[in-house]
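Since this is a predicted model, take the numbers as computed values, not measurements. FYI, the numbering just counts along the sequence from 1.
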Amino acid sequence: MKKAESDLAYFADEAEALTAYPKDRFLEVISDVGFECDFCGKCCTHAFNDHVYLLKEDAARMMEIDSGAVIPSPYFDFCDQEGRFYVSGYSLKTKNDDVGSCIFLENNRCKIYDKRPTICRVYPYMIHRETDDSGLYDWREISGLNEHGLYGAEIGEKEGADIFELTKKYESGYISQEIEFLKAVSVHFDKNNLKHIPKIYDKQIRAFEKGDGVTVFVYHDGAFHEHKARK
């Protein structure tokens, strides 16, 4: 599939760039900002952070804690001619409250704090490239800047180094997971004579946005798992 090949090339480039990313730059940025959590709970809501994407080991741990805690990650990657979606992993489920609180959030505190997913451990830190509001495509090290939390806290060299290593580990795990998925979905489509049809993808997305149920195959632990999903 051309789309899979294009996506593979993109993530291969991202993996190479992440490997070369300078530690000193990250430490300088986070030390300058000095982010400090003020327990506002915003980062644990769908309204603020859209969704919490899980690495496969995190997804497995969440399912052990609560089998209903995960859902197919919401931004589906492919759609075959039968209208079935394919996505690279799971995200955390949210509640049906005003802001879409994480299923594990209670009174602005995480009920599984010691077992929380990797992305929750590193947030608001990141090491990936994206486009900002001005259209500049560059590295981003902190998410939601000036929208939550406190600033100006002192971050020591060791603490900064630990944050860097864990953040880079998450970003690397995410890229590896995407690459593994793209290779697997290509093999799956070829083996089963399937094709990614953009027109059907768009049609099914519109149906999903309206509240219709759709079939989603989630790639997890080396296999595709079928789910019924509804927005």
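- Pairing each heavy atom of Asp80 with each of Glu82, the nearest pair is OD1-N, 2.8 Å.
- One hydrophobic cluster, built from ILVMFWY side chains closer than 4.5 Å, cannot hold both Ile71 and Leu92; they sit in different ones.
- The distance from the NZ atom of Lys93 to the SG atom of Cys102 is 11.5 Å, given to the nearest 0.5 Å.
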Criterion side chain to side chain contact (heavy atoms under 4.5 Å, CB included) on Val185 and Asp77, from CA distance to verdict: CA-CA 10 Å; Val185 80; Asp77 299 285; over 6 Å; no
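- To the nearest 0.5 angstrom, Leu55 atom CG is 9.5 Å from Glu171 atom CD.
- Surrounding CG of Asp132 are more than 12 heavy atoms belonging to other residues, nucleotides or ligands, all under 6.0 Å away.
- Rounding to the nearest 0.5 Å places CD1 of Ile119 at 8.5 Å from OG of Ser143.
- The number of heavy-atom neighbours closer than 6.0 Å to CG of Asp138, taken from other residues, nucleotides and ligands shown, is above 12.
- Side chains of Ile103 and Thr94 form no contact here, defined as non-hydrogen atoms less than 4.5 Å apart.
- Under the 3.5 Å distance criterion, the side-chain polar atoms of Arg121 are matched with a main-chain donor or acceptor of Arg116.
- When every heavy atom of Pro72 is checked against every heavy atom of Val87, the shortest pair comes out as CB-CG1, 4.4 Å.
- Hydrophobic clustering (side-chain heavy atoms under 4.5 Å, transitive across Ile, Leu, Val, Met, Phe, Trp, Tyr) groups Ile127 together with Ile179.
- In the hydrophobic clustering of ILVMFWY residues, with side-chain heavy atoms under 4.5 Å counting as a link, Leu8 and Leu18 come out together.
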Working note: Thr45 + Phe48, criterion side chain to side chain contact (heavy atoms under 4.5 Å, CB included); need CA distance, chi angles, decisive distance, verdict. CA-CA 6 Å; Thr45 66; Phe48 191 79; 3.4 Å; yes
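- Taken together through direct or relayed side-chain contacts under 4.5 Å among Ile, Leu, Val, Met, Phe, Trp and Tyr, Val33 and Val122 form parts of separate hydrophobic clusters.
- Looking only at side-chain heavy atoms (C-beta outward), Ile163 and Ile30 come within less than 4.5 Å of each other.
- Of the inter-residue distances, the one linking Asp162 atom CG with Glu157 atom CD reads 10.5 Å to the nearest 0.5 angstrom.
- Remark: aromatic rings of Tyr174 and His128 are distant, center separation not under 6.0 Å.
- Annotation: Glu57, atom CD; neighbour count of heavy atoms from other residues, nucleotides and ligands within 6.0 Å is above 12.
- Note: Gln177 CD to Ile175 CD1 = 11.5 Å, rounded to the nearest 0.5 Å.
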For this session: Show your working on ring pair (Phe, Tyr, Trp, His ring centres under 6.0 Å) between His220 and Tyr90 and close with a plain yes or no.
Result: CA-CA 8 Å; His220 174 70; Tyr90 290 103; 5.5 Å; yes
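- Proximity of Val52 to Ser91: side-chain heavy atoms (C-beta onward) are nowhere separated by under 4.5 Å.
- Ring pair Tyr125/Phe35 is perpendicular by interplanar angle, where above 60° counts as perpendicular and below 30° as parallel.
- Phe85 pairs with exactly one of Phe224, Tyr201, Phe217 by the ring pair (Phe, Tyr, Trp, His ring centres under 6.0 Å) rule, that one being Tyr201.
- Geometrically, Lys3 engages Phe78 in a cation-pi contact defined by less than 6.0 Å to the ring centre and at most 45° from the axis.
- If you run ring pair (Phe, Tyr, Trp, His ring centres under 6.0 Å) between Tyr86 and each of Phe181, Tyr219, Phe189, only Phe189 comes through.
- Contact record, Gly144 with His148: O-ND1, 3.1 Å, taken as the closest heavy-atom pair.
- Ser186 contributes a side-chain N or O that, together with a main-chain N or O of Leu182, makes up a donor-acceptor pair within less than 3.5 Å.
- Taken to the nearest 0.5 Å, the CD atom of Glu147 stands 10.5 Å off from the SG atom of Cys40.
- In this structure, His227 and Val218 approach most closely via the heavy-atom pair CD2-CG2, 3.7 Å.
- Side chain of Glu14 to main chain of Ala9: no donor-acceptor pair is present (N/O by atom type, distance under 3.5 Å, no hydrogens or angles).
- Under the 4.0 Å criterion applied to side-chain N and carboxylate O atoms, Lys111 and Asp66 are not assigned as salt-bridge partners.
- Here the side chain of Glu141 pairs no donor or acceptor atom with the backbone of Met126 at under 3.5 angstrom.
- For Val216 against Ala229, the heavy-atom pair with the smallest separation is CG2-CB, 3.8 Å.
- A continuous path of ILVMFWY side-chain contacts below 4.5 Å connects Tyr53 to Val70, so both sit in one hydrophobic cluster.
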Evaluate side chain to side chain contact (heavy atoms under 4.5 Å, CB included) for Tyr75 paired with Asp50, printing each intermediate quantity in order. CA-CA 11 Å; Tyr75 298 109; Asp50 193 52; 2.6 Å; yes
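- Within the 3.5 Å criterion, the main-chain N or O of Ala153 finds no donor-acceptor partner in the side chain of Glu36.
- Using a 4.0 Å cut-off between a side-chain N of Lys or Arg and a carboxylate O of Asp or Glu, Arg61 and Asp58 qualify as a salt bridge.
- The backbone N or O of Asn146 sits less than 3.5 Å from a side-chain atom of Tyr151, completing a donor-acceptor pair.
- Phe76 and Phe208 have their aromatic ring centers within a separation under 6.0 angstrom.
- Between Arg206 and Asp202 there is no salt bridge, since no side-chain nitrogen of the basic residue lies less than 4.0 Å from a carboxylate oxygen of the acidic one.
- Salt-bridge formation is detected for the pair Glu180/Lys56: a Lys NZ or Arg NE/NH1/NH2 atom is positioned less than 4.0 Å from an Asp or Glu carboxylate oxygen.
- Side chain of Asp38 to main chain of Leu150: no donor-acceptor pair is present (N/O by atom type, distance under 3.5 Å, no hydrogens or angles).
- For Ser6 (side chain) and Lys2 (main-chain N/O), no donor-acceptor pair under 3.5 Å exists by modelled atom type.
- Shown here is Glu226, whose CD atom has more than 12 heavy atoms of other residues, nucleotides or ligands within 6.0 Å.
- Judged purely by atom type and a 3.5 angstrom limit, Arg129 has no side-chain atom pairing as donor or acceptor with the backbone of Trp139.
- Thr19 places a side-chain N or O within 3.5 Å of a backbone atom of Ala15 that can act as its donor or acceptor partner.
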Do Val99 and Asp97 pass the side chain to side chain contact (heavy atoms under 4.5 Å, CB included) test, and can you show the C-alpha distance, the side-chain angles, and the key distance before you say yes or no? CA-CA 6 Å; Val99 293; Asp97 56 20; 3.9 Å; yes
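- Annotation: Phe104 is not in aromatic contact with Tyr113 [ring centroid separation under 6.0 Å not met].
- Side-chain contact, Thr215 with Lys228: a donor N or O sits under 3.5 Å from an acceptor N or O.
- Smallest separation of non-hydrogen atoms from Ala69 and Met62: CB-O, 4.2 Å.
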